[in-house]
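Read the structure below first, then the notes.
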Amino acid sequence: MDDCQKSQSQHWSIISSPNGSSNANFLFSVSAASANDIWAVGEYDLTMGTPTLTEHWNGTQWSVVSSPNPGLYNMLNGVAAISATNAWVVGNSESQAMIEHWNGTQWNIVSGPIPPSQDYFLNGISATSANNVWAVGSYVPENGLIQTLTEHWNGARWSIVPSPNLNPNGSVFEAATNIPGSKHVWAVGTTSPLSGGANTLTAYHC
């Protein structure tokens, strides 16, 4: 029985966490492989540029862990922790998607497929095992109408999986979750109808 189960008054508590700089610092996503193996990711601001920010909880405290920055402006939007030697993060560097992998020692950039676009982004990621990882986001084709982007890791490589676009005016996936023990995946985001505004977007893959 853990401390929360023992306590009669369950509540949120602020836990101290480090910053990457004295300027602005942001954490956008968190994922846990166990109670003493948790990752949080985001970005922080310098006078010139925004480096990635990755922080790790070891069961006692949060600490900043170095992560690659291929460009001047970088950010990490999503993280999926699988085990102590296997975690994934997705984000963007300049105007292109970025995928990084934790091997138990360090974060490394992993090449991913490139959609037919110069501008493409990954916003969320979910994993149920070492060979079943999904990343979602968007890309901008030549017609300029943003389209959903989904990518899958099968344990050996990343590949683009065709995904739906509800409205011709633009659709974006922001987050995904895949169901343990199955091939079922949910993705959520926003779609923009021709009439204007923005509507919710939910999609299902099996």
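For this chain, numbers begin at 1 and follow the sequence in order. Only heavy atoms go into these numbers, but all of them, side chains included; no hydrogens, no water, no symmetry mates.
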Task: side-chain contact (heavy atoms from CB on, under 4.5 Å) partners of Ser182, counting only residues at least two apart - done: Ile179, His184

TODO: May I ask you to decide if Asn23's main-chain N or O and Asn25's side chain share a donor-acceptor pair within less than 3.5 Å?
DONE: yes

- [ ] Quick one: closest heavy-atom pair of Ser66 and Trp107, and the distance?
- [x] O-CD1, 3.5 Å

TODO: Applying side-chain contact (heavy atoms from CB on, under 4.5 Å), name anything that partners Gln118, two or more places apart in sequence or on another chain.
DONE: none

- [ ] Quick one: list whatever passes side-chain contact (heavy atoms from CB on, under 4.5 Å) with Asn58, sequence neighbours left out.
- [x] His56, Thr60, Gln61

TODO: Group every Ile, Leu, Val, Met, Phe, Trp and Tyr by side-chain heavy-atom contacts under 4.5 Å, then state whether Ile125 and Leu122 land in the same group.
DONE: yes

Task: Which residues share a side-chain hydrogen bond (donor to acceptor under 3.5 Å, both in side chains) with Thr52, sequence neighbours left out - done: Ser67, Asn69

Open item on the list: Between Phe173 and Leu201, does the side-chain contact (heavy atoms from CB on, under 4.5 Å) criterion hold? Intermediate values first, please.
Closed with: CA-CA 8 Å; Phe173 281 145; Leu201 173 63; 3.7 Å; yes

Open item on the list: With rounding to the nearest 0.5 angstrom, report the CG to CZ distance, Asn77 to Phe121.
Closed with: 10.0 Å

- [ ] State, with a plain yes or no, whether a side-chain heavy atom of Val110 is found less than 4.5 Å away from one of Trp88.
- [x] yes

- [ ] Determine which pairs satisfy side chain to side chain donor-acceptor pair (under 3.5 Å) with at least one residue from residues 89-100, sequence neighbours left out, and list them in order.
- [x] Asn74-Ser93

Task: Shared hydrophobic cluster for Ile109 and Ile99 (ILVMFWY, side-chain gaps under 4.5 Å) - done: no

TODO: For Thr202, check side-chain hydrogen bond (donor to acceptor under 3.5 Å, both in side chains) against everything at least two apart and list the hits.
DONE: none

Open item on the list: Applying a strict under-4.5 Å side-chain criterion to I, L, V, M, F, W and Y, I'd like to know whether Leu149 and Ile114 cluster together.
Closed with: yes

Open item on the list: For a quick test of reading the model, state the closest non-hydrogen atom pair linking Ala33 to Ala81 and the distance between them.
Closed with: N-CB, 3.7 Å

Residues 40-49, side-chain donor-acceptor partners within the protein, below 3.5 Å, at least two apart:
none

TODO: Each residue besides Phe28 in its hydrophobic cluster should be listed here, by chain and number; the cluster joins Ile, Leu, Val, Met, Phe, Trp and Tyr at side-chain heavy-atom distances under 4.5 Å.
DONE: Phe26, Met75

TODO: Say whether, by atom type as modelled, one donor and one acceptor occur between the side chain of Thr128 and the main chain of Pro180 under 3.5 angstrom.
DONE: no

Open item on the list: Quick check: is Val133 connected to Trp39 through a chain of hydrophobic side chains (ILVMFWY, heavy atoms under 4.5 Å apart)?
Closed with: no

Open item on the list: Among Val30, Val64, Val65, Asn19, exactly one meets side chain to side chain contact (heavy atoms under 4.5 Å, CB included) together with Glu55. Which residue is that?
Closed with: Val64

Open item on the list: Just to verify, what does Trp57 make a ring-ring contact (aromatic ring centres under 6.0 Å, His included) with, not counting sequence neighbours?
Closed with: Trp62

Open item on the list: Taking the side chain as everything from C-beta on, heavy atoms only, tell me whether Met98 gets closer than 4.5 Å to Leu76.
Closed with: yes

- [ ] Mind listing the closest non-hydrogen atom pair of Ser171 and Ser138 along with its distance?
- [x] O-CB, 4.3 Å

TODO: Look at the side chain of Asn178 and the backbone N and O of Trp134, then say whether any donor-acceptor pair between them is shorter than 3.5 Å.
DONE: no

Task: Closest approach of Pro115 to Pro113 (non-hydrogen atoms, all atoms of both residues) - done: CD-O, 3.8 Å

- [ ] Spell out, yes or no, whether Leu53 and Leu72 are grouped together once hydrophobic residues are joined by side-chain heavy atoms under 4.5 Å, including indirect joins.
- [x] no

TODO: Would you give the length of the straight line joining atom NE2 of His101 to atom CG of Asn86, rounded to the nearest 0.5 angstrom?
DONE: 3.5 Å

Open item on the list: Please tell me whether Ser34 and Asn36 have a donor and an acceptor in their side chains that are separated by less than 3.5 angstrom.
Closed with: yes

Task: Donor-acceptor under 3.5 Å (Asn132 side chain, Lys183 main chain) - done: no

Task: Under the side-chain contact (heavy atoms from CB on, under 4.5 Å) test, residues paired with Ala32 that sit two or more places apart - done: Ile38

- [ ] Please name the pair of heavy atoms, one in Ala176 and one in Ser126, separated by the smallest distance, quoted to 0.1 Å.
- [x] O-CB, 3.2 Å

Open item on the list: Please evaluate residues Asn131 and Ser129 with respect to the criterion side chain to side chain donor-acceptor pair (under 3.5 Å), reporting the C-alpha separation (whole Å), side-chain torsions for both, the decisive distance (0.1 Å), and the verdict.
Closed with: CA-CA 5 Å; Asn131 58 3; Ser129 67; 2.7 Å; yes

Do any side-chain atoms of residues 155-163 form donor-acceptor pairs under 3.5 angstrom with protein atoms, and if so which ones, sequence neighbours left out?
{"residue": "Ser163", "atom": "OG", "partner": "Thr148", "partner atom": "O", "Å": "3.4"}
{"residue": "Ser163", "atom": "OG", "partner": "Thr148", "partner atom": "OG1", "Å": "2.8"}

- [ ] Kindly write out the residues that satisfy side-chain hydrogen bond (donor to acceptor under 3.5 Å, both in side chains) with Asn199, not counting sequence neighbours, or none if the list is empty.
- [x] none

